[in-house]
Asks: 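What follows is a single structure, and I will ask about it in a moment.
No experiment lies behind these values; they were computed from the predicted model shown. Whatever order the structure lists them in is the order used to number ligands and atoms, beginning at 1.
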Amino acid sequence: MKKFFSSIQLLLLGTAQAASQWQNVRLGGGGGFVPGIVFHPKTAGVVYARTDIGGLYRLNAADDSWTAVTDAITDDAGWHNWGVDAVALDPQDDAKVYAAFGLYTNDWDPSNGQIGRSADRGATWQFADLPFKVGGNMPGRGMGERLAVDPANPDILYFGARSGKGLWKSTDGGASFAKIDSFTAVGTYAPQPGDTTGLNSDIQGLTFVTFDSTSATLDGATSRIFVGTADNSTASLYMSEDAGATWSALKDQPGKFFPHKGKLSPAEKALYISYADGTGPYDGTNGAVYRYDIAAGAFKDITPSIGEAINFGFGGLALDAQKPGTVVVASLNSWWPDARLFRSTDSGATWSQLWEWADYPEMNLRYKQNVDKAPWIGPGFLDIDTKDLGWMIEALEIDPHDSDHWLYGTGLTLYGGHDLTKWDAGSWDEKLTISSLADGIEETSVQDVASVPGGTELLAATGDVGGFTFADAAALGTAPKVNWMNPQWTTNVGVDYAGAAVKSVVRIGNSAGTKQIALSSDGGATWREHPGADTSANGGTVALGADGKVVVWSAASGSVLRSQDEGAFSKVASLSSGAIVASDKQNGSVFYGGSGSSFYVSKDAGSSFGATGKLGSATAVRDIAAHPAKAGDVWVSTDAGVFHSTDYGATFTQTSTTLTNTFQVALGVGKDKESWNIYAFGHVAAGPRLYGSGDSGATWTDIQGDTQGFGSIDGGTKLAGSGNVAGLVSQSSSLIDYFGNNKASTADDNVGARDYYIVDEHHHV
Ligand SMILES: *[C@@H]1O[C@H](CO)[C@@H](O)[C@H](O)[C@H]1NC(C)=O
Ligand SMILES: *[C@@H]1O[C@H](CO)[C@@H](O)[C@H](O)[C@H]1NC(C)=O
């Protein structure tokens, strides 16, 4: 099963006075799961999409693009706020948005969750701390929405928690939440009770909260409220008719599967519910769709038929507010040949399919597809897979103000269009257009970044969508035409270049059991499998010698390996497994290694390594950055700060102890091609930040600014300085294993004013 996680960015550092400004490097197509989309019921064009590891985005309706609204509140230490488990809008105030933040309910996220509230469409946020965790990247994250604002009283919000924590209510506009003791169901289902990581063993909890806006008010509050739970053994649908004072399970409810969506059709006084036998986002082999007639108190099974037994559950469910009785539902996961989408214009009595088998294996399609906003989706996915419509379809919405406008999220991106009602034409020739509409949603899990002086501006190795090459700085603003192909791996974890033969690039992937190292001779435009690759090695870190002849690969699967002239790999005995490796960028005979507190150098092109100069009191080498232009000039990041050697690591001096605990370190070209800036993620009293130095580490300046958090500075965030553009910094971050969210970013200080600031205030370089 494919799992898509999510992001790349561009920082425009302003002048010395101006705050840093960051923008995404453009992938144009999400690159990860979009589990939730919410349209404002009353104001056209107010729409939010939540991601599981890439934060929350607001639609720019004029051009179908999206703007990140949570980048400024990303916690640099804990990546916490990139997980959004629910989003809710205030029907009475289109400027207000609420979201449940937190990535995991197990110990992968150390912090309790929060409900964030913004009164300015996400520009600024305040938080209510919850006494439990929120799981924006947990199983079941596409169910929902778990958070809702009372349409009659904007001070009232409900939040359905995971982990057995029950139902929570705010009566002060989200400033605080208290448990509702009268609601006793907790949603007891756990996908895999024995999972020792805690990921699949946590109970899934409550799945949605839906107010009945047609019900009477009681003391100003909506009286009828529906709550879904992840429970297929007792009951999963509950209702209150006294504004939450008491609750009971709905009578005669289906109960067999888990309710993913429960959406109200006010004009019909009906609740539509999609069910699957799993809680998602990857599962589902059976399911149903029901319509609950509120006045009659009766359920009706309206599950679409495909003429044979279904092998999927239902996730996404959209109602057309303009045309009551018009419904679209989607398979949660129909892995072959493609997702199933169904549309009814008669309240589910009859359905038509978006595609049907014609003369098997031919299919009749009611749609055509357009991925112009993210062209790489074509060769990378649509051309090589039968699933054009996607998978993990939980978010599915029809614009309440425009019956033709619809959006749905998948595991890869967000699709939708502006001619949905063509579906009703009744002819296979009248095709609606399904477009990739995720431009601006950048949630790719970036695993490594490199910028090549005199070569490719940015090489970004990514989780789930392979990786991308941006030839020059101008390309950073254009969605790539291709992702890394031939060989194409789901995830690339490392990339490096030859400093004196800059067209030569190497990359590695992390899939066990297949060959996972590739070479490029054109700067990453095209690739070929490394002829010496075998299927035993994968993951880790990789270094390409300055002349491009030797690869040293510290594979996560075991030993440190070496290949010369594209020959077979052999074990490097003198460097222990798990060591960090790097190449000197100008001397092809020299490689560097770091392991524990020791720094190692090889002077025989990686055949053997020996420990060299001491790194002060450091006990952990965390990263090694060789100077792009000077042989023997190397920077080493440690738990005691950054150390610098100009003699191939024979001796080190510590840079300014402003930074005493650093993570990734990188060099980037300074204000002219002669000078180089040093960048490092480091801890100071203010917490982890991105620092830059224009004076070889004599002084460090916080260059992060206030508008961009990096999520996981001390948890594997990757960093590269531009080799070509003054002041450009490129960054990504990595969470625990492949659940990593990473925002790769570039920082551009335009005219070098920031460097002047560093230079003028401190030392001339
Ligand atoms: C609940 O759902 C799970 C997952 O599909 C299934 O294994 C289990 O048998 C179901 N329980 C009942 C009582 O149907
Ligand atoms: C490269 O490093 C090797 C090994 O230390 C050394 O013998 C050689 O002189 C270096 N080459 C240059 C051009 O500095």
Side-chain angles (χ1 to χ4, degrees), residues 1 138-140 142-143 185-195 199-207 228-237 249 253-260 273-288 290 303 309-315 331-335 394 498-501 543-550 552 562 564 572 574-575 581-593 599-613 624 626-634 645-652:
M1 259 181 259
M138 295 292 282
M143 302 168 103
V186 294
T188 50
Y189 175 69
Q192 202 187 315
D195 179 5
L199 188 74
N200 286 294
S201 56
D202 191 31
I203 67 174
Q204 304 280 278
L206 277 43
T207 66
T229 69
D231 183 337
N232 62 349
S233 59
T234 57
S236 58
L237 285 179
Q253 62 178 276
K256 192 175 163 194
F257 304 125
F258 305 106
H260 280 236
I273 308 121
S274 63
Y275 286 94
D277 66 353
T279 51
Y282 312 117
D283 54 17
T285 57
N286 203 352
Y290 275 78
T303 309
I310 62 169
N311 61 352
F312 51 85
F314 290 90
S331 54
L332 170 56
N333 289 297
S334 171
W335 295 107
E394 295 265 36
L544 186 57
D547 51 16
K549 291 186 162 64
V550 172
V552 174
R562 175 185 184 274
Q564 184 161 357
V572 179
S574 47
L575 207 53
V581 294
S583 55
D584 191 276
K585 288 297 172 215
Q586 291 300 325
N587 188 329
S589 300
V590 177
F591 283 80
Y592 304 110
F599 185 81
Y600 297 85
V601 176
S602 168
K603 296 192 169 177
D604 55 8
S607 295
S608 63
F609 284 77
T612 61
I624 300 168
H627 194 294
K630 289 186 202 161
D633 189 306
V634 60
S645 171
T646 55
D647 55 8
Y648 292 103
T651 58
F652 281 98

Asks: Give the contacting part of V590 toward ligand 2: side chain, backbone, both or neither, where contact means a heavy-atom distance below 4.0 Å.
Replies: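 V590 to ligand 2: side-chain contact only, backbone stays beyond 4.0 Å.
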Asks: Could you find the nearest protein heavy atom to atom 4 (C) of ligand 2 and give me its residue, atom name and distance?
Replies: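 That would be K603 CB, 3.7 Å.
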Asks: Considering all protein heavy atoms, does one lie under 4.0 Å from atom 14 (O) of ligand 1?
Replies: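 There is a protein heavy atom less than 4.0 Å from atom 14 (O) of ligand 1.
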Asks: With a 4.0 Å cut-off, strictly under, does atom 11 (N) of ligand 1 pick up any protein heavy atom?
Replies: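 Answer yes: something from the protein, a heavy atom, is under 4.0 Å.
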Asks: Give the contacting part of F257 toward ligand 1: side chain, backbone, both or neither, where contact means a heavy-atom distance below 4.0 Å.
Replies: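 Neither; nothing of F257 gets under 4.0 Å from ligand 1.
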Asks: If you scan the protein for heavy atoms around atom 7 (O) of ligand 2, do you find one that is closer than 4.0 Å?
Replies: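 Within 4.0 Å: no protein heavy atom nearby.
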Asks: With heavy atoms of N587 as the reference, note each atom of ligand 2 found under 4.0 Å away.
Replies: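 Result: 1 (C), 2 (O), 3 (C), 8 (C), 10 (C), 11 (N), 12 (C), 14 (O).
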Asks: Would you confirm whether S201, through its side chain, and D195, through its main-chain N or O, come within 3.5 Å as a donor-acceptor pair?
Replies: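 Yes: the side chain of S201 pairs with the backbone of D195.
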Asks: Does the side chain of V186 come within less than 4.5 Å of T229's, by heavy atoms?
Replies: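 Not touching, per the 4.5 Å side-chain cut-off.
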Asks: Taking side chain as C-beta onward, heavy atoms only, is F314 less than 4.5 Å from T303?
Replies: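 Contact flag for F314/T303 side chains = yes.
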Asks: To check your reading of the model: name the closest protein heavy atom to atom 3 (C) of ligand 1, its residue, and the distance in Å.
Replies: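 For atom 3 (C) of ligand 1, the nearest protein heavy atom comes out as N232 ND2, 3.5 Å.
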Asks: Quick one: pull up CD in Q586 and NE2 in H627 and give me the separation to the nearest 0.5 Å.
Replies: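 Answer rounded to 0.5 Å: 9.5 Å.
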Asks: Does Y189 reach the side chain of D231, with side-chain heavy atoms less than 4.5 Å apart?
Replies: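 SC-SC contact between Y189 and D231 ruled out.
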Asks: Hey, are T285 and D283 close enough side-chain-wise for a donor-acceptor pair under 3.5 Å?
Replies: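 There is no such pair (donor and acceptor under 3.5 Å, judged by atom type) between the side chains of D283 and T285.
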Asks: Who's closest to atom 5 (O) of ligand 1 heavy-atom-wise, of T285, D277, D231, T234?
Replies: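 Considering heavy atoms of T285, D277, D231, T234, the nearest to atom 5 (O) of ligand 1 sits in D277.
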Asks: Taking the side chain as C-beta and beyond, is there a heavy-atom pair between Y592 and Y648 under 4.5 Å?
Replies: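 Yes, their side chains come closer than 4.5 Å.
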